Amino acid sequence: MKIQTPPGMRDFYPDDMRLQNWLFTHWRQVSLTHGFEEYEAPIFEFLDLYRLKSGDEIVSEVFSFEDRGGRNFAIRPEMTPSLARMVAARANALPRPIKWFSLPRMCRAERPQRGRLREFFQWNADVLGPEDALADAEVIAVVVAFLRAVGLGPDDVAVRVNHRRVAAAALQTLGVPADGVVAAFGLIDKIERMPADKFAAAWNDLPFASACGVDAVRGFLGEATLERCLDLAAQSGEDGAAQAEQFTQLWRQLEAFGVAGMCTFDLRIVRGLAYYTGSVFEAHPKQGGLRALCGGGRYDDLTGLLDGPRVPGVGFGMGDVPVLEFLRELDRLPSPERTLDAFVIDADADLFARALELVGHLRAAGLRVDFSYKRTGVGKQFKQATQRGARHAIVLGDELKDRNEVVIKDLVSGTQRTIDWDAFCADPKLD
Ligand code: HAM
């Protein structure tokens, strides 16, 4: 019986892994250059962690199982609840600000589609501690730095930014009651993915639909400017004014970080996860209809919900699948080659033991080195060296027998030189 890869899961052959590693190198590099430290968490957690913290939508998408002791676990569908759990457990001991990143593998039992699979890697970068909009701006600056690093600019991607409490205040002026805002957000989050008639039907089912009709909300979402929403929030009371001020600060800081050119205000970005309390954002391709490349926002109450002290946080998650898919569509995906520093060739089978000895010296010096398993002609070994992407070929032949020397050939420039065996083994430099 032939067993296939499970639906929505991927095999990573070495060609695929080189691409993954290219992406991971950028993710890691951008995180480190922005002062973030790496962390990890378990691949599965108690199901309750997601049940209580992420909201119904995510829980309906978890792969869960019961262990022999009858406890319910879930393979992580996202990282933020684990991060909040870890921070809550050591909240008083951790120096602030907590700037952490991770590159976890995760699973969601969703329908596999373009840019969304059942297993994926998701880069997370979060700042916990400060409530200042500076932190919100810095995590958005991290997203933009990555996009730029892989060659994506303002013509390709828009980082669409909103603020849940500013949006809530604006919606309330349209007639959405305070206790209806979460339900309204739940639908607005899907507005771009839902056919118009389905959205209208779902909106009309909301208990407050008579106070705020679907046309009013659609019109408002399409037209309301940042200034108008800030005004509405500021007029809605003390808290609204404070939130409007925070959001204004965020735009100022985005300017200061030099990333505002990639960002636009968008009232439709409200995010599906339950824990966001302030700014929310998503990076969207400008063409091609692919879903969000990343999403994030501020969550100030999550550690408190986990019975820890309140540690405000803000961050984002970015999936490998949509990013690679988008770069592929734009024909901007690199194809990282196989690489070796050197391939050791024996021109005479009698010299094979010396070849292995040299391989050992070079590997011990940290060089990436390989050789042929078959004792074949020099030509075939050179061919293998090229196929393996070797930068140099080191040939053990008559020069070694006659003068104790090896030949080093640069396979890119074609130049070659000879070097004394003992000197080379003592200090193996290839260039
Ligand atoms: P999320 O919007 O559920 O947020 O996911 C963030 C990103 O993860 C998406 O924009 C997408 O790039 C990627 N992603 C999600 N689901 C899939 C999938 N099935 N296949 C491939 N990629 C996927 C969160 O997960 C939040 N915890 C992010 C966050 C971190 N908020 C604050 N800190």
Side-chain angles (χ1 to χ4, degrees), residues 7-10 20 23 27 31 36 39 41 45 49-50 53-63 74-87 98-128 135-136 138-140 142-143 146-147 152 157-162 164 185 189-190 192-193 269-285 290-303 311-327:
M9 316 292 271
R10 285 170 294 173
Q20 284 298 118
L23 180 65
W27 279 351
S31 306
F36 286 70
Y39 72 100
E45 296 267 11
L49 183 69
Y50 308 109
K53 317 306 167 203
S54 304
D56 297 341
E57 188 168 325
I58 267 270
V59 169
S60 69
E61 288 178 349
V62 294
F63 284 100
I75 301 176
R76 59 187 175 192
E78 57 153 339
M79 199 62 167
T80 317
S82 302
L83 170 65
R85 183 181 56 66
M86 287 168 68
V87 167
I98 298 158
K99 291 174 70 173
W100 288 1
F101 80 96
S102 193
L103 311 181
R105 182 192 283 252
M106 45 196 50
C107 288
R108 292 188 191 178
E110 60 179 287
R111 185 176 58 82
Q113 52 187 296
R114 210 159 61 91
R116 292 287 184 274
L117 293 176
R118 292 185 140 191
E119 184 190 42
F120 57 100
F121 289 87
Q122 192 200 53
W123 174 35
N124 279 250
D126 290 82
V127 179
L128 289 105
D136 307 48
E138 189 170 33
V139 295
I140 293 176
V142 170
V143 171
F146 165 79
L147 295 173
L152 295 171
V157 180
V159 182
R160 295 157 60 178
V161 188
N162 193 7
R164 271 197 171 198
F185 279 171
D189 179 54
K190 300 194 185 73
E192 290 176 273
R193 282 174 272 141
I269 302 300
V270 287
R271 310 275 299 134
L273 292 159
Y275 46 68
Y276 293 113
T277 53
S279 66
V280 277
F281 58 89
E282 289 179 359
H284 284 259
L290 201 65
R291 286 177 58 183
L293 303 178
C294 82
R298 177 164 278 283
Y299 49 93
D300 284 349
D301 301 330
L302 197 51
T303 55
V311 186
V314 60
F316 67 86
M318 179 185 288
D320 60 339
V321 183
V323 170
L324 293 176
E325 181 67 34
F326 186 46
L327 289 170

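Counting starts at 1 for both ligands and their atoms, in listed order. For the single chain, residues carry numbers from 1 onward in sequence order. Every value quoted in this text rests on a predicted model; they were computed, and no experiment measured them.
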Test of ring centre spacing under 6.0 Å for Phe146 and Trp123
yes
Among all residues two or more places apart in sequence or in another chain, which pass the side chain to side chain contact (heavy atoms under 4.5 Å, CB included) test with Thr80?
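With sequence neighbours excluded, Thr80 shows a side chain to side chain contact (heavy atoms under 4.5 Å, CB included) to Glu78, Asn124, Tyr275, Tyr299, Leu302, given in chain and number order.
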Tell me, please, which residues at least two apart from Met106 pass side chain to side chain contact (heavy atoms under 4.5 Å, CB included).
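Met106 satisfies side chain to side chain contact (heavy atoms under 4.5 Å, CB included) with Arg76, Met79, Pro104, Phe120, Gln122 only.
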In order of chain and number, which residues sit within 4.0 Å of ligand 1 by heavy atom?
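Within 4.0 Å of ligand 1, the protein residues are Glu78, Thr80, Arg108, Glu110, Gly115, Arg116, Leu117, Phe120, Gln122, Asn124, Asp126, Arg271, Leu273, Tyr275, Tyr276, Ala292, Leu293, Cys294, Gly295, Gly296, Tyr299, Gly315, Phe316, Gly317, Met318, Gly319, Val321, Pro322.
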Look at Glu192 together with Arg160 and state whether they make a salt bridge at an N to O cut-off of under 4.0 Å.
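Answer for the salt bridge query: yes.
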Those residues that, when tested against Glu282, pass side chain to side chain donor-acceptor pair (under 3.5 Å) (two or more places apart):
Arg271, His284
Is a donor from one side chain sitting under 3.5 angstrom from an acceptor on the other, for Asp301 and Thr277?
no
